Novice: 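Following this message is one structure expressed as C-alpha cells.
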Amino acid sequence: MKQTLRISLVAGVLMVSSAVLAKIMTPTERLADVRPPLVLEHEIPTAFGDWTEEKELMAQVINPEAASELAKIYTHTLSRNYINRNGERIMLSIAYGADQTSGLQLHYPEVCYPAQGFNLASATKGILMTNLGALRVKRLQTSLGSRNEPVTYWTTMADKVVLGGYDTKFAQLSYGFRGQIPDGLIFRVSSISNDPQAAFQVQDQFVRQIVDALPAQSRVRFVGTPRRP
C-alpha cells in the first residue's frame, strides 16, 4: 500500500513538474513585434549592380505553393523578374513569416515544388561566397514539362540561416529557451535554363550583388550573419 502511494506521489510530482516546465518553456515574445517591420517591397531594390527589374515578365515567376496556403503561412511575399545587361534573367521570390512556430514555419522548396507537379532531379547543399562571407544555400534542379528551372535558395530564422531538419529545429529551440518566437523567410532565386551549372553561376552573381545592395540595417534578416572564409 505504502509503495503504491509512493509511486502515485512521484507520478503526481512529475506530472506537475512537466506542466510547469512546459508553461515556462512556451515562448511568448514574437521577435516580429519588437523589431522594425520588414516590408519586402521597400527593402528589396528594383535596380542594383548589373540588374534591373523587368516588370512585363511577372507571369514567368511560378510559385510552387497555392495562394491560399501562402496566405496561411506567410505575412508578406514578393515576386520579381530581373534582367542584366547581357539579357540574362533571374526570378526572385521571397516569403516572410512573422511567426515561426511549428504549425506556421516555412515550407521548403524541395517539398513544395514536387507537390505542385514539378520533378525534383537533385537537391544539394552549397556555399555561396558573398562580400560579407560564406552563405549556406540549397541548390535544386527542377522541371515542369519542358521548363527546366535551376533554383538557389536559403532560409533564415530571425538572424540565423537554417536549411531544414535539425538545423531549423535547433534554431527554433534556441530562441524558445529565451522565450522568443522567431520570424523567418525564404529567399529564392531561379532561372529558366537547360544548363544548370551556368545558371547557378549567374544566380551567384545576382545574389552577391543584391546582398551588397540590401539596406545595412535589415541585411542580417535576409542573409543571417555569413561566415567568414
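In this text the structure is predicted, and so the values were computed from the model without any measurement.
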Novice: Counting N and O atoms only, with roles assigned by atom type, does the side chain of Arg89 sit under 3.5 Å from a partner on the main chain of Glu54, one being a donor and the other an acceptor?
Specialist: no
Novice: Would you check if there is a donor-acceptor pair between the side chains of Thr130 and Arg208 at a distance under 3.5 Å?
Specialist: no
Novice: Name all pairs fulfilling the ring-ring contact (aromatic ring centres under 6.0 Å, His included) condition that reach into residues 122-159, sequence neighbours left out, sorted by first residue then second.
Specialist: Trp154-Phe187
Novice: At what distance, to the nearest 0.5 angstrom, does OG1 of Thr142 lie from CZ of Arg147?
Specialist: 8.0 Å
Novice: Does one hydrophobic cluster hold both Val223 and Leu128, with members joined at side-chain heavy-atom distances below 4.5 Å?
Specialist: yes
Novice: Does a side-chain heavy-atom distance below 4.5 Å link His76 with Leu38?
Specialist: no
Novice: Any non-hydrogen side-chain atom of Asn131 less than 4.5 Å from a side-chain atom of Val211?
Specialist: no
Novice: Count I, L, V, M, F, W, Y as connected when their side-chain heavy atoms are under 4.5 Å apart, and connections chain through other members. Are Leu120 and Val111 then in the same cluster?
Specialist: no
Novice: Distance alone, cut at 3.5 Å: any donor-acceptor contact between the side chains of Thr124 and Arg139?
Specialist: no
Novice: Could you tell me the separation between the CD atom of Glu149 and the CE atom of Met91, rounded to the nearest 0.5 Å?
Specialist: 4.0 Å
Novice: Could you tell me if the side chain of Asn84 sits less than 4.5 Å from the side chain of Phe206, heavy atoms only?
Specialist: no
Novice: Does any part of the side chain of Ser191, heavy atoms only, come nearer than 4.5 Å to the side chain of Val202, both counted from C-beta?
Specialist: no
Novice: To the nearest 0.5 Å, what is the distance between CZ on Arg188 and CG on Leu78?
Specialist: 11.5 Å
Novice: Decide whether Leu132 and Ile44 are clustered together by the hydrophobic rule: side chain heavy atoms of Ile, Leu, Val, Met, Phe, Trp, Tyr closer than 4.5 Å, transitively.
Specialist: yes
Novice: The criterion is salt bridge (charged side-chain N to carboxylate O under 4.0 Å, His left out); which residues satisfy it with Lys160, sequence neighbours excluded?
Specialist: none
Novice: Does any part of the side chain of Gln203, heavy atoms only, come nearer than 4.5 Å to the side chain of Val137, both counted from C-beta?
Specialist: no
Novice: Could you grab the distance from atom CZ of Phe48 to atom CD1 of Ile210, nearest 0.5 Å is fine?
Specialist: 4.0 Å
Novice: Identify the two heavy atoms, one from Ala47 and one from Thr52, that lie closest to each other, and give their separation to 0.1 Å.
Specialist: CB-CG2, 3.9 Å
Novice: Taking salt bridge (charged side-chain N to carboxylate O under 4.0 Å, His left out) as the test, write out the residues that go with Arg221, two or more places apart.
Specialist: Asp183
Novice: If you define the side chain from C-beta out and look only at heavy atoms, does anything of Phe200 sit under 4.5 Å from Thr152?
Specialist: yes
Novice: Can you confirm whether Tyr96 sits close enough to Thr156 that some side-chain heavy atom of one is under 4.5 Å from a side-chain heavy atom of the other?
Specialist: no
Novice: Going from CG on Leu92 to CG on Asn81, what distance comes out if it is rounded to the nearest 0.5 angstrom?
Specialist: 9.0 Å
Novice: Checking the side chain of Arg136 only, and the main-chain atoms of Leu163 only, is there a donor and an acceptor separated by less than 3.5 Å?
Specialist: no
Novice: Output the distance between atom CD1 (Ile83) and atom CD (Glu53), rounded to the nearest 0.5 Å.
Specialist: 12.0 Å
Novice: Quick one: list whatever passes salt bridge (charged side-chain N to carboxylate O under 4.0 Å, His left out) with Arg85, sequence neighbours left out.
Specialist: Asp50
Novice: Applying side-chain hydrogen bond (donor to acceptor under 3.5 Å, both in side chains), which residue pairs with at least one partner in residues 192-202 are found, sequence neighbours left out?
Specialist: Asn148-Asn194
Novice: Identify the two heavy atoms, one from Tyr108 and one from Val162, that lie closest to each other, and give their separation to 0.1 Å.
Specialist: OH-CG2, 4.2 Å
Novice: Could you list all the salt bridge (Lys or Arg N to Asp or Glu O under 4.0 Å) pairs where at least one residue sits in residues 36-46, not counting sequence neighbours?
Specialist: none
